[in-house]
Amino acid sequence: MSGTVVTRFAPSPTGFLHIGGARTALFNWLFARHHGGKMLLRIEDTDRERSTEAAIQAILDGMTWLGLDWEGEVVHQFARAARHREVAEELLRRGKAYYCYATPEELEEMRALARKEGRPMRYDGRWRDRDPAEAPAGVKPVIRLKAPQTGETVVDDQVQGRVTWQNKDLDDLVLLRSDGTPTYMLAVVVDDHDMGVTHIIRGDDHLTNAARQTQIYEALGWAAPVMAHIPLIHGPDGAKLSKRHGALGIDAYRSMGYLPAALRNYLVRLGWSHGDQEIFSTEEMIAAFNLASIGRSPARFDFAKLENLNGHYMRLAPDEELVRAIEALLPEIGPARGLGTSLEPALRAKLLAAMPGLKERAKTLIELLDSASYLYASRPLQLDEKARGILDDDARTRLGQVLRRLESLDAWTPAGTEAAVRAAAEEAGVKLGLMAQPLRAALTGRSTSPGLFDVMEVLGREESLARLRDQTR
RNA sequence: GCGCCCAUCGUCUAGCGGUCUAGGACGUCGCCCUUUCACGGCGAAAACAGGGGUUCGAGUCCCCUUGGGCGCGCCA
């Protein structure tokens, strides 16, 4: 089908899948879905030195976790080196490329001189029209594109608009290295063509590359795909993303307790908008996504907004799903909390029962688990500072009064315990809060928690009473 | 240095010449709800980088300045 949209996500496996790459993948995925097309995945591993298997796995895992799937087999670019070479040689035969015998040293001199004289740093084309017979012995040549030297190269970008370069500002790029392996610039063009890619959506750090690749397409006589260069994501300080702030692997966001749905929603609104809408289900994103509404200015990464969104999606999530999400994270975060790597059935049941009250109050899965610590804390409870402050002598006296009423309670239900506590407060002549806070402190060891009567229900009669006795003694 | 791109509240953004005394969201600050904290509700402070044009009219078009970003490898 000629009208079918084919996009691709083409990361280089020299590191993890970072936040910018994840958004690029998301945009490609959304665009393909929107048009009923497909997204392909290609690993750009032509740099043998820096590509690692671990990085490839991290990228695949990251995408899977984010819920982004791809069509067919993953294409490994390096495996296609023979084809790339064939194309380079074809260009050579057709006079669109030439052998260049300049050594790395010569190239470095060229750049140094250019820098000194304040000229653009470009290859000077010294072998462009030279007879290969003059080739120095023992030097393996590279193949360079014989790029046009006059006129201009135009990229009609769907995001950036019509961008024009003067050809005199672009030099003859290397297509095939002296060892016979293709450069990225060649490989991308050949692969996108061979894979039938119709739309290239990628970071705008590739905008200049788009011009050079366009020249290759033209030399080859191939039609270039539609291009869309999206602005990069910056750190909170506006500078390039560094390890210090946002340039974490996508797995780090998982570890921090964010939900894939929240991250997708956060990411889709970074650079793209749909009127005033902030919340998008995956279906809504797919339905509304378009290239025209992608902004041209870079965005800063903002954890506060991600957290807010994450809280939103956690409140929306079914309790069972949240328990499972926590369980999935437990190998990482359980041991430090004395929980091991999986939940005991009894604790799991309590966590599930307490979830409605818990999820209302947490912004991440980590916070969620921590806020549930009263469920798995052992007696006598360690009181935090605020809880200690609440449990002064007066408070403990009041605690004793409620305790007697609770001990004689027939039905241990939220309604029952609430009635008892209210009665005790009335009897003591204090507001409910003065009775409730000491209870909370004794029951959870903290000054904040879900609704008290829910806490007591989940904890159960015996555990609740025992915790209260611990603090009245 | 050269090339290219960008510029609305602290942040993400709406705005596509007149309806903008610039809207929404996050964050911040009040108030309400309330057994705490959240949630929720109500409200507030908060922006068109600067200068020139074009036009009857400019946040919206053009130019310059300033400020950011990206690229300039036999890396991708």
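Chain letters run A, B, ... following the sequence lines, proteins first, then strands; residues in each count from 1.
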Chemist: Out of B:G27, B:U36, B:G3, which nucleotide sits closest to the side chain of A:Trp165?
Modeler: B:G3
Chemist: Please give the distance between the C1' atoms of B:U60 and B:A44 as a whole number of Å.
Modeler: 29 Å
Chemist: Looking only at atom C1', what distance separates B:G10 and B:C20, rounded to whole Å?
Modeler: 22 Å
Chemist: Do any N or O atoms from the side chain of A:Gln160 and from the backbone of A:His229 form a donor-acceptor pair under 3.5 angstrom?
Modeler: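 Checking the backbone N and O of A:His229 against the side chain of A:Gln160, a donor-acceptor pair under 3.5 Å is found.
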Chemist: Within the structure shown, what part of the strands sits under 4.0 Å from A:Gly357 by heavy-atom distance: base, sugar-phosphate, or nothing?
Modeler: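 It contacts nothing in the nucleic acid.
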Chemist: Counting only side-chain N and O atoms of A:Thr208, is one of them less than 4.0 Å from OP1 or OP2 of B:G3?
Modeler: no
Chemist: With rounding to whole Å, what would you report as the distance between B:G24 and B:G15 at their P atoms?
Modeler: 15 Å
Chemist: Would you mind telling me which of B:A76, B:G27, B:G3 lies closest to the side-chain atoms of A:Ala304?
Modeler: B:G27
Chemist: Would you mind classifying the nucleic acid contact of A:Ser178 as base, sugar-phosphate or nothing, using non-hydrogen atoms under 4.0 angstrom?
Modeler: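 Base: the residue A:Ser178, judged by heavy atoms under 4.0 Å, touches a nucleobase.
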Chemist: Which part of the nucleic acid does A:Glu278 contact within heavy-atom distance under 4.0 Å: base, sugar-phosphate only, or nothing?
Modeler: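 The residue A:Glu278 makes base contact.
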Chemist: Within this structure, what is the CG-to-P distance between A:Leu368 and B:A38, rounded to whole angstrom?
Modeler: 16 Å
Chemist: Contact class for A:Leu207 (heavy atom, under 4.0 Å): base, sugar-phosphate, or nothing?
Modeler: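 Sugar-phosphate, backbone atoms only, no base.
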Chemist: So, A:Asp171 side chain and A:Tyr123 main chain: donor-acceptor pair closer than 3.5 Å or not?
Modeler: yes
Chemist: Please determine, for B:G43, whether a Watson-Crick or G-U wobble partner exists with both distances under 3.5 Å, and give it or none.
Modeler: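 Its partner is B:C29 (Watson-Crick or G-U wobble, both distances under 3.5 Å).
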Chemist: Students often get this wrong, so: under 4.0 angstrom with heavy atoms, is A:Met435 touching a base, only sugar-phosphate, or nothing?
Modeler: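 Here A:Met435 touches no strand at all.
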Chemist: For B:A38, does either OP1 or OP2 sit under 4.0 Å from a side-chain N or O belonging to A:Arg315?
Modeler: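 No, because none of the side-chain N or O atoms of A:Arg315 sits under 4.0 Å from OP1 or OP2 of B:A38.
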Chemist: Would you call the rings of A:Trp272 and A:Phe289 parallel, tilted or perpendicular, taking 30° and 60° as the class edges?
Modeler: tilted
Chemist: Go nucleotide by nucleotide along RNA chain B from the 5' end; which of A:Leu306 and A:Ser447 gets its closest nucleotide reached first?
Modeler: A:Leu306
Chemist: Considering heavy-atom distances to RNA chain B, does A:Ser449 or A:His312 have its closest nucleotide positioned more toward the 5' end?
Modeler: A:Ser449
Chemist: Just by modelled atom types, is the A:Glu105 backbone N or O under 3.5 Å from a matching donor or acceptor in the A:Glu108 side chain?
Modeler: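 A pair under 3.5 Å: no.
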Chemist: For the side chain of A:Arg361, counting heavy atoms from C-beta on, which of B:U11, B:C6, B:U36 is nearest?
Modeler: B:U36
Chemist: What about A:Arg269: does its side chain form a donor-acceptor pair under 3.5 Å with the base of B:U11?
Modeler: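 By the distance-only test, no, there is no pair.
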Chemist: Tell me the partner of B:G73, counting only Watson-Crick (N1-N3 plus N6-O4 or O6-N4) or G-U wobble (N1-O2 and O6-N3) with both under 3.5 Å; none if nothing fits.
Modeler: none
Chemist: Quickly, which of A:Asn290, A:Val268, A:Thr7 forms a side-chain contact (heavy atoms from CB on, under 4.5 Å) with A:Leu30? Name it, please.
Modeler: A:Val268
Chemist: Considering every strand and a 4.0 Å limit on heavy-atom distances, what is the contact class for A:Ser12: base, sugar-phosphate, or nothing?
Modeler: sugar-phosphate
Chemist: Of the nucleotides B:U35, B:C26, B:A76, which one has an atom closest to the side chain of A:Leu432?
Modeler: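 So the side chain of A:Leu432 is nearest to B:U35.
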Chemist: Please name the nucleotide paired to B:A7 by Watson-Crick or G-U wobble geometry with both distances under 3.5 Å, or report none.
Modeler: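 Paired with B:A7, as far as the under-3.5 Å criterion goes, is B:U66.
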Chemist: Remember a base hit wins even if backbone is also touched, and classify A:Pro450 as base, sugar-phosphate or nothing at under 4.0 Å, heavy atoms.
Modeler: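 The answer is base, as A:Pro450 lies within the cut-off (heavy atoms under 4.0 Å) of a base atom.
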Chemist: Quick one: label A:Val142 by what it contacts on the DNA or RNA (base, sugar-phosphate, nothing), any heavy atom closer than 4.0 Å.
Modeler: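 If one applies the 4.0 Å heavy-atom cut-off, A:Val142 turns out to touch a base.
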Chemist: Test your reading of the model: is there a side-chain donor-acceptor pair from A:Tyr266 to the backbone of A:Asp302, 3.5 Å cut-off?
Modeler: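 Confirmed, A:Tyr266 side chain pairs with A:Asp302 backbone.
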Chemist: Using a 4.0 Å heavy-atom cut-off, does A:Thr46 contact any base of the nucleic acid, only the sugar-phosphate backbone, or nothing at all?
Modeler: sugar-phosphate
Chemist: Taking the C1' atom of each, how far is B:C70 from B:G43, in whole Å?
Modeler: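 Straight-line distance between the two C1' atoms is 43 Å.
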Chemist: Using whole Å, report how far CG of A:Asp191 lies from C1' of B:A76.
Modeler: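 These atoms are roughly 13 Å apart.
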Chemist: So what does A:Phe453 hit on the nucleic acid, given a heavy-atom distance under 4.0 Å: a base, only sugar-phosphate, or nothing?
Modeler: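 Base contact.
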Chemist: Between C1' on B:G23 and NE2 on A:His274, what's the gap in Å once rounded to a whole number?
Modeler: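 Result: 16 Å.
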Chemist: Tell me which nucleotide among B:G27, B:C74, B:G23 gets nearest to the side chain of A:Val174.
Modeler: B:C74
Chemist: Step by step, work out the side-chain hydrogen bond (donor to acceptor under 3.5 Å, both in side chains) result for A:Tyr98 and A:Asp172.
Modeler: CA-CA 10 Å; A:Tyr98 60 93; A:Asp172 292 346; 2.6 Å; yes
Chemist: Below 3.5 Å, does any donor atom in the side chain of A:Arg440 face an acceptor in the base of B:U35, or the other way round?
Modeler: yes
Chemist: At 4.0 Å (heavy atoms only), tell me whether A:Leu170 reaches a base, stays on the sugar-phosphate, or touches nothing.
Modeler: nothing
Chemist: Stepwise, does the ring-ring contact (aromatic ring centres under 6.0 Å, His included) test hold for A:His234 with A:Phe301?
Modeler: CA-CA 6 Å; A:His234 291 167; A:Phe301 192 86; over 10 Å; no
Chemist: Would you state whether a donor and an acceptor, one from the side chain of A:Asp205 and one from the base of B:G71, lie under 3.5 Å apart?
Modeler: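 It does not, because no donor-acceptor pair links the side chain of A:Asp205 to the base of B:G71 below 3.5 Å.
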Chemist: Under 4.0 Å, heavy atoms only, any strand: does A:Ala210 hit a base, just the sugar-phosphate, or nothing?
Modeler: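 Here A:Ala210 touches no strand at all.
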Chemist: With a cut-off of less than 4.0 Å, is there a side-chain N or O of A:Asn209 near OP1 or OP2 of B:G71?
Modeler: no
Chemist: What is the distance from CE of A:Met185 to P of B:C72, rounded to the nearest Å?
Modeler: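 Those two atoms, CE and P, are 8 Å apart.
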Chemist: I'd like to know if the side chain of A:His312 reaches the main chain of A:Asn308, judged simply by a donor and an acceptor atom lying under 3.5 Å from each other, with no hydrogens or angles considered.
Modeler: no
Chemist: For residues A:Asn310 and A:Thr364, is any side-chain donor paired with an opposing acceptor at under 3.5 Å?
Modeler: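 Note: A:Asn310 and A:Thr364 side chains miss the donor-acceptor criterion.
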Chemist: When you measure from the side chain of A:Gln160, which nucleotide among B:U13, B:A76, B:C6 comes out closest?
Modeler: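 Out of B:U13, B:A76, B:C6, the nucleotide with an atom closest to A:Gln160's side chain is B:C6.
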Chemist: Of the nucleotides B:C5, B:C12, B:G27, which has the atom closest to the A:Ala299 side chain?
Modeler: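 In terms of side-chain proximity for A:Ala299, the closest of B:C5, B:C12, B:G27 is B:C12.
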Chemist: Which part of the nucleic acid does A:Thr164 contact within heavy-atom distance under 4.0 Å: base, sugar-phosphate only, or nothing?
Modeler: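 Here A:Thr164 touches the backbone only, sparing every base.
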Chemist: Rounded to whole angstroms, how far apart are CD1 on A:Ile279 and C1' on B:A25?
Modeler: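 So the CD1-C1' distance, A:Ile279 to B:A25, works out to 9 Å.
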Chemist: In whole angstrom, give me the gap between the P atoms of B:A47 and B:G53.
Modeler: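 It works out to 26 Å between them.
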Chemist: Is the shortest side-chain N/O distance from A:Arg144 to OP1 or OP2 of B:C74 below 4.0 Å?
Modeler: yes
Chemist: Which nucleotide sits closest to the side chain of A:Pro104: B:C6, B:C74, B:A14?
Modeler: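 Of B:C6, B:C74, B:A14, B:C74 is nearest to the side chain of A:Pro104.
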Chemist: So what's B:C37 paired with, Watson-Crick or G-U wobble, going by both distances under 3.5 Å?
Modeler: none
Chemist: Whole Å only: how far is the NE2 atom of A:His234 from the P atom of B:A7?
Modeler: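 Answer to the nearest Å: 13 Å.
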Chemist: To the nearest Å, how far apart are A:Met227 CE and B:C5 P?
Modeler: 16 Å
Chemist: Do any side-chain nitrogens or oxygens of A:Arg111 fall under 4.0 Å of OP1 or OP2 in B:G73?
Modeler: yes
Chemist: Consider the side chain of A:Arg296, meaning its heavy atoms from C-beta on, and name the nucleotide among B:C6, B:A76, B:C4 that approaches it most closely.
Modeler: B:C6
Chemist: A:Tyr184 has a side chain; which of B:C37, B:C6, B:A76 sits nearest to it?
Modeler: B:A76
Chemist: Could you tell me how far apart A:Leu270 (CG) and B:U11 (C1') are, to the nearest whole angstrom?
Modeler: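 The answer, rounded to whole Å, is 10 Å.
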